[in-house]
Amino acid sequence: METNPQDLHNYSSYIVHYGEIALKKGNRTIFEDMLVRNIRTSVGKKRSCEIRRLQGRIYIELAEPCNGNMMLGELSRVFGVANISAALRAEPSLDAIRNAVQNLIDKKSFSSFAVRTRRAQKTFPLSSQKVNEEIGAMVQKISQAKVDLEDPEMTVSIEILDRHVFVFTDNKKGLGGLPVGISGKVLCLISGGIDSPVAAWRAMKRGCLPFYVHFHSAPFTSAASQEKVVEIVEHLMKGQPGTRLVTVPFGPVQQKIVVAVPSQYRIIIYRRFMVRIAEMIARQERAQALVTGEALSQVASQTLSNLATIEAVSGVPILRPLVGMDKQEIVDEAKRIGTYDVAIIPHDDCCSFLMPRNPVTRTTPEEVEKVEKNLDVEGLVQMGLEAKEIRDM
Ligand code: ATP
Ligand code: MG
């Protein structure tokens, strides 16, 4: 249960808990190491601190205490974190625990409470239950509040480990999911619209380390549209390891397509070229899949048969994390993750460039291959690749 942390001044110890249910033994170390690494990237660069695995948790000790709310905010944006607490650290003895709890509840007002002790160190002389009773009696005496194990206003948590005991009252919920990087690298096709940032987010949540490709039709589309994509990627990567954005000028490729193929096929063929170019970029960077914001809908580019025609040119899997979502769910998620406001700023979509009114909604790969006979497919892919620009962020 999340309790809303209030006024957490000057804490130097933090305990990160993560979901461990699905973790098998061997995977667990990899998971924990990756999480430690990502936490270090997120909070460790700005501050001098020690971050380590500690008996099924991650323990962060800052050299200088800092505002707990700020630390919890930063840590809650790291994928794989289930919840975080700002804690006081004590020696493993009942007296030390008493002292720490006294300090912890000092100045806090509450009318009901519970004490919950977990013991990862079974040689500690008292059972968890006994610690609950001892500390509960003390808290009751100091605060005059009543014990309520069902729905307490405040919970005092005590975690007894080998060499340390941590006590804390609040915890902030994290994003959950898997640490970014643990599932491998993917290339996300990012358009500047609402959907693709949500798709990238979902891929990250399942442990993918994303980098990004954006196709633009400058000078036919504005520079502001590209800046928008940069802003979205920056936002997505807050709290995550660094990334790379590849931008590909697509206008010259589109111009060749426009003169060589019947207009109703343009959108599908644009998409096939995006996928071909993206696959090459993915291979260069050793990414194992592409990620798109495609869902199933009745727009021409997203009917099942057209998705199949687009996918037919890809030699790497295409992940579509949004496939089972409806538009409102995607919009809600975009708002929650903070990409919506930027995404709805009007922009020029490179695919609406020279678009006909009635694109085909039903195609087969064979049919489209015939149409593409009029094009130098290899040459156009190379043209796109050679003109690409890279921005590390
Ligand atoms: P979005 O909201 O992400 O733009 P959409 O609902 O508008 O998606 P489409 O325009 O059909 O749908 O695009 C489907 C997917 O193709 C996008 O989610 C994105 O992954 C990819 N895509 C489309 N245009 C571009 C582009 N200019 N650069 C990179 N990827 C693109
Ligand atoms: Mg779009």
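We use all heavy atoms of the structure for the numbers below, so side chains are in, but hydrogens, waters and symmetry mates are not. All figures in this text were calculated on a predicted structure; none of them were measured in a lab. Whatever order the structure lists ligands and atoms in, that order sets their numbers, starting from 1. One-based numbering along the sequence shown.
- Residue-ligand proximity, Ile194 to ligand 1, at heavy-atom distances under 4.0 Å covers atoms 2 (O).
- Looking at ligand 1, you won't find any N or O of Val213 less than 3.5 Å from one of its N or O atoms.
- In summary, the atoms of ligand 1 found under 4.0 Å from a heavy atom of Gly193, numbered by their order in the structure, are 1 (P), 2 (O), 4 (O).
- Within the cation-pi definition used here (under 6.0 Å to the ring centroid, within 45° of the axis), Lys335 qualifies as a partner of Tyr340.
- Where the criterion is an N or O separation shorter than 3.5 Å, residue side chain and backbone included, Met274 fails it with respect to ligand 1.
- Close N/O approach between Gln302 and ligand 1 is found [any backbone or side-chain N/O within under 3.5 Å].
- Within the 4.5 Å cutoff, the side chain of Val147 has heavy atoms near those of the Phe113 side chain.
- Checked by atom type, the side-chain pair Tyr18/Glu32 shows a donor-acceptor distance below 3.5 Å.
- By the criterion of side-chain heavy atoms lying less than 4.5 angstrom apart, applied directly or through intervening Ile, Leu, Val, Met, Phe, Trp or Tyr residues, Val186 is not grouped with Ile182; the two fall into different hydrophobic clusters.
- When each atom of ligand 1 is checked for a heavy atom of Asp195 under 4.0 Å away, the hits are 1 (P), 2 (O), 3 (O), 5 (P), 6 (O), 8 (O).
- Taking distance alone, with nitrogen or oxygen atoms compared against 3.5 Å, Leu189 approaches ligand 1 more closely than that limit.
- Taking only nitrogen or oxygen atoms, main chain and side chain alike, Phe215 reaches within less than 3.5 Å of ligand 1.
- Selection from Arg271, His216, Arg320 by nearest heavy atom to atom 9 (P) of ligand 1 gives Arg271.
- In summary, the aromatic rings of Phe215 and Phe273 are positioned with their centroids too far apart to meet the 6.0 Å limit.
- Under a 4.0 Å N-O distance rule, the pair Glu50/Arg52 qualifies as a salt bridge.
- Only the side chain of Ser301 comes within 4.0 Å of ligand 1, judged by heavy-atom distances.
- For the pair Arg276 and Glu279, the salt-bridge criterion is not met [side-chain N within less than 4.0 Å of a carboxylate O].
- The Thr292 neighbourhood of ligand 1 comprises atoms 20 (O), with distances under 4.0 Å to a heavy atom of that residue.
- Listed for the Lys228 side chain is a donor-acceptor partner under 3.5 Å among the backbone atoms of Gly192.
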